[in-house]
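Read through the structure below, which is laid out as structure tokens, and then see the notes.
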Amino acid sequence: MADNFAEAKFMTVTEVADMMRVSRMTVYRMIHSGDLPAVRFGRSYRVPQEAVQAIVTDTDAATGTDDN
């Protein structure tokens with residue numbers, strides 16, 4: 001995670017869902033279960049981009065897929 005929130009990049013739930021190819025509800029479930037860290041801004045959530053990259057990388061490693 002970035003040392004300073006000013007340097008951190010955040011994604012919306014919709015952006016995360018599109019990137020992970022899951023539904024928005026799945027992203028909300030991951031947030032509420034604690035599997036995906038998020039910050040609440042008003043009525044919406046923002047997910048650190050680094051956290052999404054970590055989940056995607058871990059999932060690729062667990063399923064044996066390779067982007068290359």
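- Not a single side-chain hydrogen bond (donor to acceptor under 3.5 Å, both in side chains) links Thr14 to another residue, sequence neighbours left out.
- Here the shortest heavy-atom pairing between Pro37 and Val47 reads O-CG1, 3.4 Å.
- A distance-only check finds no donor-acceptor pair linking the side chain of Thr57 to the backbone of Ala54 [under 3.5 Å].
- For the side-chain contact (heavy atoms from CB on, under 4.5 Å) with Arg24, the qualifying choice from Thr12, Val13, Val16 is Val13, the only one to do so.
- Under a cut-off of 6.0 angstrom, the local environment of CZ in Arg40 is crowded, with over 12 non-hydrogen atoms contributed by other residues, nucleotides or ligands.
- Note that the CE atom of Met19 and the CD atom of Glu15 stand 10.0 Å from one another [nearest 0.5 Å].
- For the residue pair Phe10 and Pro48, the shortest heavy atom distance occurs at CD2-N, 3.8 Å.
- Residues Asp35 and Ile55 share a closest heavy-atom pair of O-CD1, 3.5 Å.
- Contact annotation: the side chain of Met20 never approaches that of Thr26 to less than 4.5 Å [non-hydrogen atoms, C-beta and beyond].
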